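To keep things clear, I will list the structure first and then write my remarks on it.
Index from 1, following the sequence. Small disclaimer: the values here were computed from a predicted structure and weren't measured. The figures that follow rest on heavy atoms only: side chains count, while hydrogens, waters and symmetry mates do not. Numbering of ligands and ligand atoms starts at 1, following listing order.
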Amino acid sequence: MRMVDLIAKKRDGGELTTAEIQFFIDGYTKGEIPDYQVSALLMAIYFEDMTDQERADMTMAMVHSGETIDLSAIHGIKVDKHSTGGVGDTTTLVLAPLVAAVGVPVAKMSGRGLGHTGGTIDKLESIDGFHVEITKEAFIDLVNKEGLAVMGQSGNLTPADKKLYALRDVTATVNAIPLIASSIMSKKIAAGADAIVLDVKTGAGAFMKTEEDAAELAHAMVRIGNSVGRNTMAVISDMSQPLGFAIGNALEVQEAIDTLRGEGPEDLTELVLVLGSQMVVLAEQAETLAEARAKLLAVMENGAALEKFKSFLAHQGGDASVVDQPDKLPQARFQIELPAKKAGYVAEIVADELGIAAMLLGAGRATKEDEIDLAVGLMLHKKVGDPVEAGESLLTIYSNRENVEAVAEKLYQNIHISDHAEKPVLIHRVITE
Ligand code: URA
Ligand code: CA
């Protein structure tokens, strides 16, 4: 087989065979095919697209390019959730203990990553003593006994995706649905998921800015998952404004605790109930979405979800007393209000720009080496559609620097007040095929 023939075939709109896709992924992972040939193929895929069969083949070739996690020693159906990312997205912190409390085994491999705030692990490390450096055996044992554990990403998962992503980044081929869909799905499948719930965000703070693009990506991923034997569904949710009130690490942990108690922000609570219900049904712990939702609401109300969170923290070295004593979380030295300059209705809160503001305070990483300040961030008091008086606080800035003028200026530029505004729709679509 010759790489040049594969490039020509795709350039002319042909369909690559399973063997051809394996050849190119294998050869590239091993360094036997040069970047320039793979770049040419990626650009051909960008223009000519891939069939469903090619997308599934590409996904599985990437899964088998490195190690895979075997979760078969865990009883039950392991359902993983993936979010395509957003601003102040506290869902994982809430969902993991919530669905675990109704009997869904949660074996979460999580990363740190770059972004506006840290990843799930960074957020959890706001809790004194909590750690994710546990052995695979301890991880599996904890999930079997406690129903929930989080382990740091270890091992050499999907090396083909890492290499391809870096190449796509510098060849203007990131934004291609077949490449994005296979990239995301390969990582979930390699991490051992039996079933997958996807939260595909749309809006200013999302990777996919329009609902149409988000739906196309969602359909692509759902079809890949189902065709390789992983029950997969997707929810398209709003990320035009940040989710919930908190953007920051310790602030989001606090928000997660409030939500597990049933006292969280309305949008975050609704999204975790929608995603959680899908997870519970896929894990066969309820027959219908309505039954699943009722179970989730029950464990929020009777305290079982919060108890699950506490025991999870304790089993991984964390000080579970933070749940009842939130002042034990890292605290910022300064809390600065941002008063509204005029009265009206909040018409827009530009999600990605607020994320950047949180990052300027130190809540996130721009490069892998950056340190995160766990205490800092933003706490919104108003969301889109809310009325506001002149001088009323729009949000609180949590900072370890006294001077936040540049951040405040950015915030004013990205929170728009007008005479009229409506609440955005939170759940745009549910996609099952
Ligand atoms: N996220 C991924 O993991 N892969 C992509 O290709 C794009 C976004
Ligand atoms: Ca939030």
Could I get the full list of ring pair (Phe, Tyr, Trp, His ring centres under 6.0 Å) partners for F312, not counting sequence neighbours?
->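 For F312 the ring pair (Phe, Tyr, Trp, His ring centres under 6.0 Å) partners, ignoring immediate neighbours, are F130.
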
Check: K295 side chain, S277 main-chain N or O, donor-acceptor pair, under 3.5 Å =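 Such a contact is absent between K295 side chain and S277 backbone.
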
Is it the case that the side chains of [Y] and [X] hold a donor-acceptor pair, with the cut-off being a distance below 3.5 Å and no angle test?
| X | Y | value |
| --- | --- | --- |
| K163 | T29 | no |
| T18 | D57 | yes |
| S186 | D161 | no |

Numbered atoms and elements of ligand 1 in range of [X], under 4.0 angstrom, heavy atoms:
| X | value |
| --- | --- |
| Y165 | 4 (N), 5 (C), 6 (O), 7 (C) |
| K187 | 2 (C), 3 (O), 4 (N) |
| F207 | 7 (C), 8 (C) |

Among protein heavy atoms, which sits nearest to atom 4 (N) of ligand 1, and what does the distance come to when rounded to 0.1 Å?
->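 Answer, as residue, atom name and distance: S183 OG, 2.6 Å.
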
Nearest neighbour in protein (non-hydrogen) for atom 1 (N) of ligand 1 |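 Answer for atom 1 (N) of ligand 1: I184 CG1, 3.9 Å.
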
